[in-house]
Number of protein chains: 2
Amino acid sequence: MVESKNKVRRVDALSKDRIVLAAVEILDASGEGGLTTRSLAASLNTGSGAIFHHVGSRDELLRTAVDSVIADVTAGMAHEGTPEESIRMLMLGVFDAIQAHPWVGAQLAREPWQPALLEIFFEIGSRLQLLGVPEAELFDAASTLLGYLLGVASQHAAAVNLSRNTDRANRRASSDHPFAPHVTRLADHDDRVQFVAGVEIILAGIA
Amino acid sequence: MVESKNKVRRVDALSKDRIVLAAVEILDASGEGGLTTRSLAASLNTGSGAIFHHVGSRDELLRTAVDSVIADVTAGMAHEGTPEESIRMLMLGVFDAIQAHPWVGAQLAREPWQPALLEIFFEIGSRLQLLGVPEAELFDAASTLLGYLLGVASQHAAAVNLSRNTDRANRRASSDHPFAPHVTRLADHDDRVQFVAGVEIILAGIA
DNA sequence: ACCTGAACACCGTTCAAGT
DNA sequence: ACCTGAACACCGTTCAAGT
């Protein structure tokens with residue numbers, strides 16, 4: 001048997017892609033606090049130092065993980081329907097991604113110069129241009145939509161972290177968090193509706 | 001001399017207020033990363049464990065520090081001028097506070113259920129009511145303004161952190177004194193103008 | 001070249017011991 | 001009652017040593 005040209009590499013071969021994939025899995029399962037050098041190394045069956053051969057730092061890993069999620073969103077996104085519908089779809093796409101991966105929201109708010117966010121900014125801008133927004137107003141309009149998106153993103157990320165923590169606390173004892181009743185999460189659907197309402201308000205203010 | 005009713009306590013007596021005050025000073029000077037149990041204890045000339053006699057945790061301390069800053073903003077705030085002017089002033093007041101204390105922006109985005117933010121939300125709501133916004137639209141309108149405020153807040157906080165880090169990297173070789181507070185923003189005024197532009201857009205969309 | 005895992009310099013928090 | 005500061009259980013990152 002000839003094995004020298006075997007395309008199937010060892011399953012346990014480490015690479016940046018495999019590390020990012022494992023990191024996303026951990027982040028989805030247990031939040032940003034759950035991603036440590038050691039937990040990641042354990043899930044990859046390797047030593048804790050091995051990761052730094054492929055990724056410069058934990059921050060860079062987090063950035064790359066966010067970029068990979070956002071890239072998936074913008075990839076399948078076309079300029080469909082009216083410009084307004086197209087903007088709504090773009091905003092909702094990012095919103096849904098954050099709902100599925102709350103740590104993305106926290107990270108986008110923490111590092112707004114991330115490549116992922118710059119791309120979203122330009123996607124918004126080009127659609128506003130199609131909408132007929134004058135060149136002079138374009139920057140402010142796109143900034144407002146992006147600012148709103150970031151704000152909601154961080155709110156959502158925080159709410160999920162809170163419910164994660166209170167869940168944990170409630171399991172520990174029956175003592176309840178003083179603010180827990182005020183912040184009980186509404187249905188996901190209501191979040192979406194409320195988010196769109198905000199987008200609608202801003203669009204009305206632009207046009 | 002009667003000393004039993006002496007109001008002037010020992011200068012080195014520890015209290016929650018003094019701890020929060022010292023924490024704000026450190027946060028302003030060196031950002032959230034600069035506030036550690038040990039640095040705070042050192043600045044108060046006490047042991048690292050003493051802090052936990054007055055404050056439950058680092059997170060609670062951060063929360064209290066943010067509340068104290070925001071309370072200063074809303075305290076001197078009246079319903080002056082037209083409702084629209086009043087909203088602009090409220091939003092700008094918080095914006096300016098975040099500009100002066102960037103760590104506040106990051107913390108507000110991280111914990112949006114903070115008492116400080118709830119208060120801002122209600123302040124916005126009452127002004128929108130005066131503006132004549134129908135009851136049914138009030139929640140969405142206030143949420144949009146607050147969401148935008150949070151987004152800009154976190155962006156601003158992140159930008160300051162970025163320039164702090166690059167400053168530090170640039171100064172790597174030369175002798176640097178530990179006090180490096182003056183992170184000169186390139187265009188504070190432009191930031192303000194852009195922020196108001198966003199508020200204007202949203203207000204236009206509401207009315 | 002890639003990986004290991006002990007070691008380093010931190011961190012927040014606790015707690016027996018002091019005053 | 002309040003404070004001390006060593007100790008504990010972590011953390012990200014490094015690096016001599018292995019393969």
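Chain naming here is simple, since letters A, B, ... match the order of the sequence lines and numbering starts at 1 in each. Just the heavy atoms: all of them, side chains too, but no hydrogens, waters or symmetry mates, feed the values below.
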Please check this pair: side chain of B:Ser48 against backbone of B:Thr37, looking for a donor-acceptor N/O pair closer than 3.5 Å. no
Closest to the B:Arg58 side chain: C:dG12, D:dC3, D:dT13? C:dG12
B:Leu40 near the nucleic acid: base, sugar-phosphate alone, or nothing, with a heavy-atom cut-off under 4.0 Å? nothing
Side chain to side chain contact (heavy atoms under 4.5 Å, CB included) evaluation trace for A:Thr144 with A:Ile206: CA-CA 10 Å; A:Thr144 306; A:Ile206 292 170; 5.9 Å; no
Atom-pair distance (CD on A:Glu60; C1' on D:dG12), nearest Å: 14 Å
Rounded to the Å, how far apart are A:Ile19 CD1 and C:dC2 P? 12 Å
Could you state the CG-C1' distance from B:Leu61 to C:dT13, rounded to the nearest angstrom? 14 Å
Just the rounded figure in Å: distance from P of C:dG12 to CG of B:Leu35. 7 Å
What is the ring orientation for A:Phe195 with A:Phe95, classed by angle as parallel under 30°, tilted 30 to 60°, or perpendicular over 60°? parallel
Are any of the side-chain heavy atoms of A:Ile120 and A:Leu117 separated by less than 4.5 Å? yes
Nearest-nucleotide pick for B:Leu14, side chain only, options being C:dC3, D:dC3, C:dC11: D:dC3
In this structure, CE of A:Met91 is separated from CD1 of A:Ile124 (nearest 0.5 Å) by 5.5 Å
Nearest-angstrom distance from the residue atom CG of B:Asn45 to C1' of D:dG5: 15 Å
Please check if any side-chain donor atom of A:Thr74 sits under 3.5 Å from a side-chain acceptor atom of A:Glu123, or the reverse. no
Flag the pair B:Leu21 / B:Glu25 as yes when at least one side-chain heavy-atom distance between them is below 4.5 Å, and no otherwise. no
Given atom CZ of A:Arg38 and atom C1' of C:dC3, what is their separation to the nearest angstrom? 16 Å
In whole angstroms, how far is the P atom of C:dG12 from the CD atom of B:Glu32? 10 Å
So, B:Glu84 and B:Arg88, do they make that salt bridge, N to O below 4.0 Å? no
Each nucleotide in nucleotides 14-19 of chain C should get exactly one letter: B, S or -. Can you fill that in based on protein heavy atoms under 4.0 Å? B-----
Whole-Å distance, A:Ile51 CD1 to D:dC11 P, equals 12 Å
Give A:Thr36 one of three labels, base, sugar-phosphate or nothing, depending on what nucleic acid heavy atoms sit under 4.0 Å from its own. sugar-phosphate
Please give me the minimum heavy-atom distance between A:Ala142 and A:Phe121, naming the atom from each residue. CB-CE1, 3.7 Å
Mind checking which stems touch DNA chain D? I mean at least 3 consecutive Watson-Crick or G-U pairs, both distances under 3.5 Å. C:4-8 with D:12-16, C:12-16 with D:4-8
